[in-house]
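The next block holds one structure in the form of structure tokens; read it before the comments.
Values below: all heavy atoms of this structure, side chains included; hydrogens, waters and symmetry mates excluded. Counting starts at 1 for both ligands and their atoms, in listed order.
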Amino acid sequence: MEIKLTNKLSKDAALVFVLNERKEIRKHGFFKFLNKEDRNYLSALEKKSAVKAGESRLIFVPSRQRALLIGIPEKSKFNHRKALLAARRVVSSARIERLAHIVVYPDDFLAQDSPGGEALAEVLATQFEIANFEFVKYKTQQPDGWFFVKKISVFSARPTLKLTQGITAGKIIGEEINEARVLSNTPGGDMTPDKLAKAAVNAGKRYKFKVKILGEKEIKKLRMGGILGVSRGSAERPHFIVIEYLKGKKEEKPIVLVGKGVTFDTGGLNLKEDEGLKEMHMDMSGGAAVIHIISALARLKAKKNIVGLVPAVENMPSGSSYRPGDLLKTMSGKTIEVLNTDAEGRIVLADALEYAKKYKPRLVIDIATLTGAAMVALGQRASAIFTTDGNLEKTLRETGEKTGDFVWPLPLWEEFEEDIKGTFGDVANTGKTKYGGAISGAVFLWQFIKAPSAGRGQAPSTGSGQVPWAHIDIAPRMTSIEGEYLAKGAVAPSVALLTHFLREFK
Ligand code: BES
Ligand code: ZN
Ligand code: ZN
């Protein structure tokens with residue numbers, strides 16, 4: 001979709017009036033730019049019916065084809081969160097009404113807690129992009145094709161370079177979110193570890209960053225017993241994707257992103273039931289996010305050193321599967337006692353987190369559809385964030401608010417380590433009770449970040465013995481919900497959040 005800043009109300013664009021309940025059309029930013037006939041028409045219309053909050057209405061304006069009225073709450077009840085939703089609603093309504101070209105007035109979306117100007121233009125462009133997406137690749141073309149909005153003109157009487165830059169950046173982020181959604185929505189049979197690795201390689205070729213794929217042989221050489229264990233039951237061989245985007249200062253240590261790349265999670269021998277199973281082709285959403293966060297940063301020419309790691313495996317039950325009770329030796333030297341083969345994400349991430357230490361990173365963030373329990377705790381409107389770094393937590397929460405890619409904290413306390421002590425191995429892959437499953441997952445991962453490599457005499461990466469780290473459990477936001485004006489299926493949580501966060505990280 002084309003999104004362009006303009007200072008003209010071109011005749012072929014349908015006007016979009018986003019109106020709060022109290023605002024008269026006469027006071028709308030477009031009004032004074034319309035001809036007399038249109039103004040008279042709209043003033044007359046106003047007397048009869050403005051739109052109520054939540055309502056949308058198509059009207060016909062004399063001078064042009066169509067205009068769309070989108071009702072939002074009055075100023076005191078309108079905030080940035082609602083503005084993001086309204087932006088998506090505009091595109092969703094335009095699609096329903098088959099408006100190929102619309103023109104919007106950015107100040108319509110300005111709430112008291114909104115960032116203004118360039119920052120607002122940027123997040124709006126992202127919302128427009130993601131609302132215009134639908135996964136239709138596997139559907140037979142309809143006779144008149146799929147309807148998507150082709151162009152959004154963003155009106156400003158005084159267009160500035162800054163606004164244009166905001167729109168361009170926002171559009172890039174939206175496009176990369178959509179690319180990540182495509183990877184996640186693709187069925188498991190077509191999005192195998194090999195295909196996910198190829199997607200990373202292609203992104204690297206396109207946007208000029210380095211992508212290295214480690215095959216099973218190299219994974220064995222690195223003694224990544226976690227990845228080998230989980231992938232044992234599948235005919236698809238594991239891959240370990242290593243992305244290096246090193247465009248920052250030479251002396252600056254990189255930030256490492258680690259994404260869960262389970263391309264299909266059956267649960268293994270602890271087989272999932274029907275309900276839980278059919279969405280598990282999206283269990284590589286963390287890996288897809290890593291690939292497309294780095295693509296976005298490359299397109300935005302961010303001067304940062306970022307490394308992306310994605311252990312890509314399929315979790316299948318078969319005669320060669322890993323079993324409950326197995327003891328897996330990870331790259332760190334620590335052993336994992338497998339109590340449940342369905343808690344596989346943390347096992348493959350354990351090896352990836354150890355590999356991350358090679359880079360002596362200044363920060364590690366992992367992104368994973370790790371637990372159903374995170375959804376039980378938070379519902380489906382925010383990802384769970386775990387970190388011992390209060391500032392990092394605050395910044396990520398604020399970035400979530402800005403971008404609409406919300407995160408909410410859950411505790412990461414040492415007391416919880418009791419719950420995942422192994423009987424025969426160092427760490428058990430599930431908690432001892434049925435409670436606090438999202439926390440058990442996070443505390444498990446923590447064990448592979450906080451400790452220096454066992455038995456190798458390797459120095460820890462920071463004086464305190466812990467690399468700054470955050471774990472984002474994106475399971476709650478893996479798929480869209482009713483009323484958020486996003487297509488059914490994958491949402492690609494954390495792409496907007498972390499692209500913004502990393503761009504600004506000092
Ligand atoms: N991939 C799932 C978690 C998940 C569930 C993601 C629903 C998105 C939606 C993960 O591998 C898993 O199965 N976790 C188990 C852990 C349990 C066995 C300790 C879970 O959450 O039930
Ligand atoms: Zn699982
Ligand atoms: Zn899983």
Side-chain angles (χ1 to χ4, degrees), residues 184-185 188 191 193 196 226-227 229-234 236 238 258-289 310-317 321-326 336-350 352 366-384 386 410 416 419-420 422 427-445 471-481 488-494:
S184 292
N185 280 330
M191 187 45 63
L196 188 61
I227 294 177
V230 172
S231 64
R232 220 153 58 204
S234 168
E236 299 291 337
V258 178
K260 172 176 173 181
V262 176
T263 59
F264 197 80
D265 178 15
T266 63
L269 292 175
N270 292 100
L271 191 63
K272 284 183 185 293
E273 287 176 20
D274 176 52
E275 250 322 286
L277 201 44
K278 63 175 181 279
E279 291 194 330
M280 281 302 124
H281 58 290
M282 288 183 262
D283 210 17
M284 32 54 73
S285 297
V310 181
V313 300
E314 188 179 51
N315 187 20
M316 279 282 176
S321 289
Y322 79 136
R323 307 162 186 80
D326 276 358
I336 296 173
E337 184 169 342
V338 180
L339 297 181
N340 188 318
T341 59
D342 196 10
E344 82 299 334
R346 64 197 74 180
I347 299 178
V348 299
L349 290 175
D366 78 75
I367 315 156
T369 46
L370 204 72
T371 66
M375 295 171 83
V376 174
L378 292 181
Q380 291 183 270
R381 294 175 193 275
S383 299
F386 298 84
L410 289 175
F416 290 111
D419 303 353
I420 51 153
V427 201
N429 80 329
T430 66
K432 293 195 175 76
T433 67
K434 61 183 176 188
Y435 303 116
I439 301 173
S440 303
V443 172
F444 176 99
L445 295 176
H471 158 58
I472 306 180
D473 190 335
I474 56 170
R477 294 290 305 144
M478 184 174 79
T479 55
S480 63
I481 54 174
K488 282 205 173 103
V491 167
S494 84

*Taking 4.0 angstrom as the limit, do Asp283 and Lys272 come out as a salt bridge?*
no
_Atoms of ligand 1, numbered as shown, that sit under 4.0 Å from any heavy atom of Thr430_ = 19 (C)
*Measure from the side-chain N and O atoms of Ser184 to the backbone N and O of Met282, and report whether any donor-acceptor pair falls under 3.5 Å.*
no
_Donor-acceptor pair, side chain of Asn315 and main chain of Thr341, under 3.5 angstrom_ = yes
_Name of whichever N/O/S atom of Glu344 is nearest to the Zn ion (ligand 2)_ = OE1
*Looking at Asp265, which of its N, O or S atoms is the nearest one to the Zn ion (ligand 2)?*
OD2
Identity and separation of the nearest protein heavy atom to [atom]:
| atom | result |
| --- | --- |
| atom 2 (C) of ligand 1 | Asp265 OD2, 3.6 Å |
| atom 14 (N) of ligand 1 | Leu370 O, 3.5 Å |
| atom 12 (C) of ligand 1 | Asp342 O, 3.2 Å |
| atom 17 (C) of ligand 1 | Ala343 CB, 4.4 Å |
| atom 16 (C) of ligand 1 | Arg346 NH2, 3.9 Å |
| atom 21 (O) of ligand 1 | Gly372 N, 2.7 Å |

*asked:* Within 2.8 Å of the Zn ion (ligand 3), is there any N, O or S atom belonging to Leu370?
replied: no
*Looking at Asp283, which of its N, O or S atoms is the nearest one to the Zn ion (ligand 3)?*
OD2
_Under 3.5 Å: N/O of Glu344 near N/O of ligand 1_ = yes
For [X] and ligand 1, answer yes if some heavy atom of the residue is under 4.0 Å from a ligand atom, otherwise no.
| X | result |
| --- | --- |
| Asn270 | no |
| Lys272 | yes |
| Met280 | yes |

*asked:* Quiz question: by atom type and distance under 3.5 Å, do the side chains of Thr371 and Asp473 form a donor-acceptor pair?
replied: yes
*Given that the side chain starts at C-beta and the backbone is N, CA, C, O, which of these parts of Arg477 lies under 4.0 Å from ligand 1, counting heavy atoms, or is it both or neither?*
neither
*Applying side chain to side chain contact (heavy atoms under 4.5 Å, CB included), run through Phe444 and Leu349 and close with a yes or a no.*
CA-CA 10 Å; Phe444 176 99; Leu349 290 175; over 6 Å; no
